[in-house]
Amino acid sequence: MTQVDDGAKLAKPVCADCIAFRREHRDGAGVSMGKCRLRLELGVISSELNACHLLQVRAERLDKVDLIEHRLKPPKHSRSTPSPHTKRKINRTSTLSQPVTGDVSGEINMDRDGLKQVLRELLEEETLYGYPEMGERWEEGTLVLKPADSNLQPKEVPIKTFFHKIVMLRDRLRVLEAKVNAHDKLEGQEKLELQGYISKCYGTLTTFNILFADKEDHFSSK
């Protein structure tokens, strides 16, 4: 493990060391619990959870955590405290035609939580279009569904939750589109017909483009 000048070992990086972690409360043992701005799909997590490869170390923790031992990339930001809203570059190259390959021999032992963590990282690395960022103005916002009948209770949904469902729908449509294009038993005309339906789905969803921070993530019927 990396050593500092006084011979002390650097700490293993955890979620609390990342600028994307936002503390919401403490559990019964006094451990901070919160959400990650970069991994919204994880929901509420412990601040002591081992950091993932998206770690962006807080300025005050730069000299206190070990990135080398745990194979994490050094932060690209300066020592000044960066904003969690800084746009992240997303690899948009399809991995369906060029999947990641490696040595699959040997055995791996892990528990259920370890397997879930590996699967999450695989999904991130192999995703077609990454995890888009929601517009800053919608942070902590709420979607209200109000019935015409005033006697009925309105339904409130966190915009983050709604945005995540929209993103999942978008990504599944894109996976469907890629599979249709790569299908070897569909005729050219059949592919065009299916692609036409998918394009119409994209066009219908353009209403929700306002939720995305980056225009490159927008729905388009073209």
Evaluate Leu173 against Glu177 for side-chain contact (heavy atoms from CB on, under 4.5 Å), listing each step before the verdict.
CA-CA 6 Å; Leu173 278 173; Glu177 184 177 22; over 6 Å; no
Interatomic spacing from CZ in Phe21 to CG in Leu49 - rounded to 0.5 Å:
9.0 Å
Any residue meeting salt bridge (Lys or Arg N to Asp or Glu O under 4.0 Å) with Lys160, in chain and number order, not counting sequence neighbours
Glu139, Glu140
Phe162 with Leu169, same ILVMFWY side-chain cluster at under 4.5 Å:
yes
Quick one: CG on Leu143 to CG on Leu211, what's the gap to the nearest 0.5 Å?
9.0 Å
Gly43 versus Lys35, closest heavy-atom pair with distance:
O-CG, 3.6 Å
Does Ile210 offer a backbone N or O that forms a donor-acceptor pair with the side chain of Trp138 under 3.5 Å?
yes
Note: Pro154 and Pro147 closest approach over all heavy atoms is CA-CD, 3.8 Å
If you measure from CG on Leu176 to CD1 on Ile198, what distance do you get to the nearest 0.5 Å?
4.0 Å
At what distance, to the nearest 0.5 angstrom, does SG of Cys15 lie from CG of Asn50?
8.0 Å
Rounded distance (nearest 0.5 Å) linking atom CD1 of Ile45 with atom OG of Ser32:
11.5 Å
Close side-chain approach of Arg170 to Asp217, heavy-atom, < 4.5 Å
yes
Apply side-chain contact (heavy atoms from CB on, under 4.5 Å) to residues Val57 and Cys18 and explain how you reach the verdict.
CA-CA 5 Å; Val57 185; Cys18 184; over 6 Å; no
Sort and list the pairs that fulfil salt bridge (charged side-chain N to carboxylate O under 4.0 Å, His left out) and have at least one residue in residues 146-156, not counting sequence neighbours.
none
Could you go through Tyr202 and Arg174, starting from their C-alpha distance and side-chain angles, then the distance that decides it, and tell me whether this counts as side-chain contact (heavy atoms from CB on, under 4.5 Å)?
CA-CA 10 Å; Tyr202 286 144; Arg174 287 176 167 173; 3.1 Å; yes
Mind telling me whether Phe212 and Phe219 have parallel, tilted or perpendicular rings, with 30° and 60° as the class edges?
perpendicular
Where the side chain of Arg58 meets the backbone of Ala16, is there a donor-acceptor pair that is under 3.5 Å apart?
yes
Has Asp17 got a side-chain atom pairing as donor or acceptor with Val14's backbone, closer than 3.5 angstrom?
yes
Any side-chain heavy-atom pair from Ile159 and Met134 closer than 4.5 angstrom?
yes
Ignoring hydrogens and angles, tell me if any N or O in the side chain of Arg23 forms a donor-acceptor pair with the backbone of Met33 under 3.5 Å.
no
Do Leu186 and Val180 make a side-chain contact, defined as non-hydrogen atoms from C-beta onward lying under 4.5 Å apart?
yes
So, does Asp27 use its side chain to make a donor-acceptor pair with the main chain of Gly30 at under 3.5 Å?
yes
May I have all residue pairs that pass side chain to side chain donor-acceptor pair (under 3.5 Å) and include part of residues 180-193, sequence neighbours excluded?
Asn181-Gln195
Which is it for Thr206 and Ser220 under the side-chain contact (heavy atoms from CB on, under 4.5 Å) test, yes or no, and what are the steps along the way?
CA-CA 6 Å; Thr206 54; Ser220 174; 5.7 Å; no
